[in-house]
K.L.:
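After the structure tokens below, expect a handful of questions from me.
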Amino acid sequence: MKKIGVFVCWCGSNIAATVDVKAVVEAVKKEPNVVLAEDYQYMCSEVGQNKMISAIKDYNLDGVVICSCSPRMHETTFRRAAEKAGLNPFMVEVANIREQCSWIHKEMEEATEKAIILARTAIAKVLLNAPLQSGESKVTKRALVIGGGIAGIQSALDIAEAGFEVDLVEKKPSIGGKMSQLDKTFPTLDCSACILTPKMVDVATNKNINIFAYSEIEEVSGFVGNFKVKIRKKARYIDETKCTGCGACVEKCPSKKTPNEFNEGLNNRTAIYIPFAQAIPYKPTIDASACIKMKTGKCGICEKFCGVGAIDYNQKDSFVEREYGAIVVATGYNIINLDRFNELGYSDCKDVITSLEFERLTNAAGPTKGHLICPSDGREPQKIVFVQCVGSRGTRSCDKQYCSKICCMYTAKHAMLLREKHPETEVYVFYIDVRTPGKNYDEFYRRAVEQYGVHYIKGQVGKVIEKDGHLEVQASDLLSNEQLHLDADLVVLAAAIEPDPTARKIATMLTASMDTNDFFTEAHAKLKPVESPTAGIFLSGMCQGPKDIPETVSQAGAAAVKVIGLLSKDTLKCNACVASPNENMCNGCSLCATVCPYGAITYVEKDFRIPGGVVKRRVSQVNEAICQGCGACTVACMSGAMDLKGFTNKEIMAEVESVCK
């Protein structure tokens, strides 16, 4: 007969304030096979663990149930304690009476009753648990970083500096991301290119980093320590091994009517182009949709002027397949589409622009060489209105519900730089409230008001219309309770940010979690902020949520540290809770192999003895080194042949039956 010990944690007042802990202890004492039931204030503490270790030895326990917080938090802690006492760690069950009970119930009687039921289910399961052993798998000592913005760059550099090989994949022709489009950065007003370009050069010259620019992730399989990834290298129609980056092809190209993505469409580029002056790799790319030669078969001027013969109109996409021990996601962000905000005139008025378009107009390397003009007619604006929280915080029906975090600060930056260059310009900022949570951020905002004379008006802009060659801004001043009508030459919308559209596709390939806004979800908001719930996947930068450059760089470094810790190991312990097929019941239908996201299931022909002879049957086989215990196969198996160690059908049904007592 198995001997079970039960320990009920108070978790301070987290559990004890709603659950009658003593009543739970008395109730579980009456359960079959329970030889010990105790409560303690903090079971996860050293004292609490020692109580558990002593009880296992003193009572010769065969199984332990801990009634505490989520197993996601402390299951590993209690399993290690059991192992110290000589008990197989998989003979420990955690009944979650905090998140699933005390935190969601207000009445003590109701919460206590549910806590008893949860404890009873854990006891029923541990009675059927069997000791399990974890295997080992080798770690591939190479990392993949998806995204070549400042987050991906910093993560790649930190991992490479630790001596590990890194592949940096960027979907655009050059690394650099959104930071490469900025003029200055807050709160120090550093030149963005001046601090980013050295990082980009470091990436290009680091022997441990391979840059896959103009490339995308095509397929991902495998598991932590052993990911297999297929990378699509899109055709540039340039032989990069021959190209010297002289730029003659770009200069001579006659097709010059394609909107320049790097300058937010404010000017045009040629069909063959290098995105910006500091681009890495500094190699041109041919836009097949704009190239005259590739559309009509005529032209070919760039090929004639290429002295090294690097132009290749017949180049095709190629594929690279590699293995990685860890993957860092740094897919970045985009400005939201403002076409839905018709009342603000973005779609109708050329002089209503986004904050990123403003950055390009004021950048010395931008379409106007840093000379701020009204896009409609080229005149210098004398009165500029900035509108905050456009698309953020749910103020309009089409808004994102979250705060985009960086808008208040970059608007203050824009206003200050504008007043510094053009002191005669009137600048108005309409805001809901100003949010400046960062070192020296509030002082930065106050400088804009006190030193530069920027007019901050607490209120919302209701409408922007074009009238008699200028913009009329209709707004409200909430402090004076007045309706305002301002004439403006230029309106700048501080647009919300959102995850890059490719993030959802990548998350699906990685089996990583996302929230309702398509930001990647961290494993734990406080304790594992850079780790995905999927082992071996780490998060860097704005793919996880809105943040500024310093915070992005910090998180990128943190993700790199986690990767280095993983890659420094030669082997990893495999999951012991793996799928286990019953060959006598398997009908060889292949459903389990079809749903397995890790490719852990294969099929073999085996001989089976039957009355009158031997027959060959096709049955499933599980590679336990690859299986991650997700349970998808057990659900799909129509014959009931597939089971999951540690979560067998019998164990699950025992839990269900205990609830129905």
Side-chain angles (χ1 to χ4, degrees), residues 7 9-17 40-49 52 66-84 89 92-104 134 143 151 154-155 158-159 223-225 325-330 402 405 437-438 507 510-517 519-548 550-569 572-573 575 577 628-630:
F7 300 88
C9 182
W10 292 41
C11 196
S13 61
N14 276 303
I15 293 174
Y40 186 68
Q41 198 164 12
Y42 296 106
M43 276 304 300
C44 63
S45 67
E46 187 175 353
V47 176
Q49 291 178 61
M52 173 182 157
I66 309 291
C67 301
S68 61
C69 59
S70 167
R72 187 173 168 187
M73 288 283 293
H74 290 303
E75 185 176 63
T76 303
T77 302
F78 295 126
R79 282 182 172 177
R80 284 174 182 163
E83 206 167 15
K84 282 183 182 178
V92 176
E93 287 295 324
V94 178
N96 184 358
I97 65 170
R98 187 178 74 169
E99 285 86 346
Q100 292 182 6
C101 189
S102 66
W103 279 6
I104 59 173
S134 299
Q154 188 64 52
S155 290
D158 289 344
I159 297 167
F223 54 97
V224 55
I327 297 175
V328 177
V329 182
Y402 52 85
K405 200 170 185 177
L510 298 175
T511 64
S513 302
M514 301 189 92
D515 62 22
T516 54
N517 296 305
F519 287 112
F520 281 83
T521 304
E522 61 279 3
H524 191 283
K526 301 176 185 68
L527 304 180
K528 294 183 177 181
V530 299
E531 298 171 60
S532 165
T534 302
I537 307 297
F538 302 92
L539 310 177
S540 180
M542 283 222 193
C543 73
Q544 185 256 342
K547 49 184 66 73
D548 55 31
E551 193 178 351
T552 294
V553 172
S554 298
Q555 188 183 19
V561 169
K562 292 292 184 180
V563 171
I564 293 166
L566 173 58
L567 298 186
S568 63
K569 299 174 182 177
L572 292 174
K573 274 194 173 183
N575 182 16
C577 300
Q628 296 298 295
C630 68

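Throughout, numbering of the chain's residues begins at 1 and tracks the sequence. Note that the coordinates shown come from a computational prediction; the quantities given were computed from them, not determined experimentally.
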K.L.:
How many angstroms lie between SG in C69 and CE in M43, if you round to the nearest 0.5 Å?
P.N.:
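It is 11.0 Å, given to the nearest 0.5 Å.
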K.L.:
Which residue in the set S70, S68, C67 passes side-chain contact (heavy atoms from CB on, under 4.5 Å) when paired with N96?
P.N.:
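Of the listed options, the one satisfying the test is S70.
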K.L.:
If you apply the rule side-chain contact (heavy atoms from CB on, under 4.5 Å), what do you find for I537 with T511, and how did you get there?
P.N.:
CA-CA 9 Å; I537 307 297; T511 64; over 6 Å; no
K.L.:
Name all residues meeting the side chain to side chain contact (heavy atoms under 4.5 Å, CB included) criterion together with S554; count only those two or more places apart in sequence or in a different chain, and write none if there are none.
P.N.:
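Scan of S554 (side chain to side chain contact (heavy atoms under 4.5 Å, CB included), adjacent residues dropped) gives none.
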K.L.:
Using the side chain to side chain contact (heavy atoms under 4.5 Å, CB included) criterion, which residues pair with T76? Sequence neighbours excluded.
P.N.:
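With neighbours one apart ignored, the set is R80.
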K.L.:
Determine whether a donor-acceptor pair (N or O, by modelled atom type, separation under 3.5 Å) exists between the side chain of Q49 and the backbone of C44.
P.N.:
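Side chain of Q49 to backbone of C44, a donor-acceptor pair under 3.5 Å: yes, one is there.
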K.L.:
What residues, two or more places apart in sequence or in another chain, satisfy side-chain hydrogen bond (donor to acceptor under 3.5 Å, both in side chains) together with Q628?
P.N.:
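Checked Q628 against side-chain hydrogen bond (donor to acceptor under 3.5 Å, both in side chains); zero matches.
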K.L.:
Determine the minimum heavy-atom distance between K405 and P546, stating which atoms define it.
P.N.:
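Shortest heavy-atom separation between K405 and P546 comes out as CD-O, 3.3 Å.
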K.L.:
Supply the atom-to-atom distance I15 CD1 to Q41 CD, rounded to the nearest 0.5 angstrom.
P.N.:
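The distance works out to 11.5 Å.
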K.L.:
Please tabulate, one pair per line, all N/O donor-acceptor pairs under 3.5 Å involving side-chain atoms of residues 523-532, not counting sequence neighbours.
P.N.:
| from | atom 1 | to | atom 2 | distance (Å) |
| --- | --- | --- | --- | --- |
| H524 | ND1 | K526 | N | 3.1 |
| H524 | ND1 | L527 | N | 3.0 |
| E531 | OE2 | K562 | NZ | 3.3 |
| S532 | OG | T534 | N | 3.1 |

K.L.:
Using the test side-chain hydrogen bond (donor to acceptor under 3.5 Å, both in side chains), find all partners of N575 that sit at least two apart in sequence or belong to another chain.
P.N.:
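side-chain hydrogen bond (donor to acceptor under 3.5 Å, both in side chains) list for N575, sorted by chain: empty.
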K.L.:
Might you point out which heavy atoms bring Q555 and L539 nearest each other, and give the distance in Å?
P.N.:
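Taking every non-hydrogen atom into account, NE2-O, 3.6 Å.
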K.L.:
Does any pair with a residue in residues 92-102 pass salt bridge (charged side-chain N to carboxylate O under 4.0 Å, His left out), and if so which ones, sequence neighbours excluded?
P.N.:
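Those involving residues 92-102 are E93-K125.
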K.L.:
What distance do C11 atom SG and H74 atom NE2 have between them, rounded to the nearest 0.5 Å?
P.N.:
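NE2 of H74 is found 7.0 Å from SG of C11.
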K.L.:
For V224 versus A535, what's the shortest heavy-atom pair and its separation?
P.N.:
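The answer is CB-O, 3.5 Å.
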K.L.:
Run the side-chain hydrogen bond (donor to acceptor under 3.5 Å, both in side chains) test against N14 and tell me which residues pass, sequence neighbours left out.
P.N.:
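side-chain hydrogen bond (donor to acceptor under 3.5 Å, both in side chains) check on N14 returns W103.
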K.L.:
Just to verify, what does A82 make a side chain to side chain contact (heavy atoms under 4.5 Å, CB included) with, not counting sequence neighbours?
P.N.:
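Applying side chain to side chain contact (heavy atoms under 4.5 Å, CB included) to A82 gives M52, I56, L87, V92.
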K.L.:
Which residues pass the salt bridge (Lys or Arg N to Asp or Glu O under 4.0 Å) test with R79, sequence neighbours left out?
P.N.:
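With sequence neighbours excluded, R79 shows a salt bridge (Lys or Arg N to Asp or Glu O under 4.0 Å) to E75, given in chain and number order.
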K.L.:
Closest approach of V328 and A559, non-hydrogen atoms and distance?
P.N.:
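Of all heavy-atom pairs spanning V328 and A559, the closest is CG1-CB, 4.5 Å.
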K.L.:
Please enumerate all residues that pass side chain to side chain contact (heavy atoms under 4.5 Å, CB included) together with A143, with sequence neighbours excluded.
P.N.:
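With sequence neighbours excluded, A143 shows a side chain to side chain contact (heavy atoms under 4.5 Å, CB included) to I159, V563, L567, given in chain and number order.
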K.L.:
Main chain of A556, side chain of S155: is a donor-acceptor contact present, judged purely on distance under 3.5 Å?
P.N.:
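Judged by distance alone, yes, a pair lies under 3.5 Å.
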K.L.:
Kindly give the heavy-atom pair with the smallest separation between T521 and D515, and that separation in Å.
P.N.:
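Answer, listing the atom of T521 first, then D515: OG1-N, 3.3 Å.
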K.L.:
Verify the ring-centre separation between Y402 and F519: is it less than 6.0 angstrom?
P.N.:
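Yes, close enough.
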K.L.:
According to ring-ring contact (aromatic ring centres under 6.0 Å, His included), who are the partners of Y40, at least two apart in sequence or on a separate chain?
P.N.:
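Counting only residues at least two positions away or on another chain, Y40 forms no ring-ring contact (aromatic ring centres under 6.0 Å, His included).
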K.L.:
State, to 0.1 Å, how close S540 and C543 come at their nearest heavy-atom pair, and which atoms those are.
P.N.:
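For S540 and C543, the tightest heavy-atom pair comes out as O-SG, 3.6 Å.
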